[in-house]
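Worksheet for the structure shown next.
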Amino acid sequence: MVSVVIGTQWGDEGKGKIVDLLSKNANFVVRFHGGNNAGHTVIVNDKKYPFHLIPSGILHKKTVGVIANGVIVDLKVLVSEIKMLEEDGIKLKGKLFVSDRCHLIMPYHKALDLAYEHARGKNKLGTTGRGIGPCLSDKVSYNGLRIYELRNWNLFVEKFTFQAKIKNKVLKTFDATPVNIKKELEKFSQLRKVILPFVTDTYLLLNKTINSGKRVLMEGAHGVMLDTDFSPYPYSTGSNVIPGAVNTGSGIPPQKISNIIGVIKAYTSRVGGGPLPTELHGKLADEIREKGQEYGTTTGRPRRVGWLDLEAVKFACQVSGVTEITITKIDILSGLKEIKICVGYKLNGKQISYSSCGYEELAKLTPVYKELPGWKEEIAGITKFSELPKNCQDYIKFIEKFLGVKISIISTGPARNEYINI
Ligand code: GDP
Ligand code: IMO
Ligand code: MG
């Protein structure tokens with residue numbers, strides 16, 4: 001049985017919390033796309049784990065973590081996460097596996113990411129600065145290096161030096177500091193020693209696992225609104241986010257997927273640039289941002305916030321084939337007198353769908369809102385649906401009915417035990 005968790009908005013929906021919850025019953029939890037631009041938070045016994053590369057379900061004793069071929073890996077970040085967990089007493093040998101097909105995010109990718117952003121000036125995209133775009137562009141232009149190359153040190157040195165010299169020329173044209181090839185190679189020579197014991201053919205491992213009837217949970221990163229094809233490009237991330245990426249990013253055949261869980265935050269947030277039709281500004285936005293602690297897990301940037309955009313979420317659910325929904329952060333909406341939900345878009349007086357909009361249309365359109373009454377009571381930690389305030393129940397039922405997809409979990413707080421099973 002293969003389940004997939006997908007973010008249905010602009011990322012940071014609370015996927016980490018949900019993946020941790022669902023991993024209790026999973027034998028394997030797998031990252032299959034993106035890189036350390038992802039930041040997935042898990043809170044267990046008041047301790048916060050911000051995962052960027054290691055799958056969020058790893059904290060469960062019997063759950064094995066896999067970083068499959070579709071993930072791009074910054075070795076320094078991976079090594080620091082391994083250390084964070086090992087210092088916490090979690091032994092990772094035999095519990096974490098990394099594909100040798102993963103492409104490496106190099107120091108020059110990060111430098112190029114930042115140089116491009118700087119050059120864009122006021123039109124910058126607001127990337128995480130983690131080298132994602134430049135790494136993926138090297139991947140598809142046959143200029144990437146994979147973990148595979150780390151096995152043969154001489155080959156790695158030769159290929160890294162060739163690429164770094166070219167990238168340094170490009171960096172100079174941006175007036176950016178070139179990377180120090182010798183120093184970077186010294187760092188790689190240390191990092192590879194830590195990583196290589198975890199490296200394996202994860203395709204074989206996962207397919208064997210599935211064929212033996214074990215449970216696999218695929219941990220999506222980012223959100224469908226950032227998908228490289230289905231976002232208002234270039235206000236996107238570099239990878240495909242929709243479940244099609246499970247096949248390309250792990251080698252698991254599509255028909256092995258049994259359910260696709262769409263994670264929806266009860267309102268909208270986004271970090272970085274690009275249109276956000278239901279964005280709020282001023283006092284209300286500040287209140288939601290503070291109460292929801294909407295600051296980036298990866299970069300610490302304040303997140304933009306807005307009303308729940310069901311026109312966009314409906315598209316995300318349809319394109320991803322979502323079979324069930326989990327709603328997170330409903331507790332943050334307590335205390336609002338009325339709550340708006342976007343149920344459609346209008347442009348020049350005519351209805352328009354999310355999928356027909358590019359960034360220009362998304363920036364100009366008017367959201368059509370349904371207004372629902374709010375609720376006063378704080379609901380953090382409630383574990384029964386019937387104990388939620390009536391207006392909160394109605395808000396949740398409205399989402400379920402509008403999307404036509406069953407809600408299975410409602411998260412009522414950041415901690416592991418704060419949720420309602422439906
Ligand atoms: P992800 O990228 O989708 O994994 O989400 P992030 O971890 O970047 O951001 C979600 C934030 O919301 C984290 O700080 C979580 O601890 C927190 N969170 C998750 N679910 C809930 C919830 O139901 N209520 C509240 N108040 N916080 C939550
Ligand atoms: P998780 O998995 C929120 C956004 C960046 C930027 C755009 C491109 O934690 O939900 P990139 O560095 O990928 O080239 O940046 O994509 N972005 C995310 N925003 N959560 C994420 O991941 C994101 N991953 C990428 O903020 O706007
Ligand atoms: Mg995040």
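Indexing begins at 1, ligand by ligand and atom by atom, following the structure's order.
- At under 3.5 Å, a nitrogen or oxygen of R301, whether backbone or side chain, sits near a nitrogen or oxygen of ligand 2.
- For D12, the N, O or S atom with the smallest separation from the Mg ion (ligand 3) is OD1.
- Seen from the ring of Y267, K329 does not count as a face-on cation partner, given the 6.0 Å and 45° thresholds.
- Residues P234 and Y359 form a side-chain contact, since some pair of their non-hydrogen atoms from C-beta on lies under 4.5 Å apart.
- Using a 4.0 angstrom heavy-atom cutoff, G7 does not count as in contact with ligand 1.
- G11 does not count as a contact of ligand 1, since none of its heavy atoms falls under 4.0 Å from the ligand.
- Note on ligand 2: T297 sits outside its first shell, no heavy atom being nearer than 4.0 Å.
- For a distance bound of 2.8 Å, the N, O or S atoms of G39 include one lying that close to the Mg ion (ligand 3).
- In this structure, H222 counts as a contact residue of ligand 2, since one of its heavy atoms falls inside 4.0 Å of the ligand.
- Contacts between K15 and ligand 2 below 4.0 angstrom, taking non-hydrogen atoms only, involve the side chain exclusively.
- Ligand 1 lies nowhere less than 4.0 angstrom from a heavy atom belonging to Q293.
- Look at G39 and you'll find a heavy atom under 4.0 Å from some atom of ligand 2.
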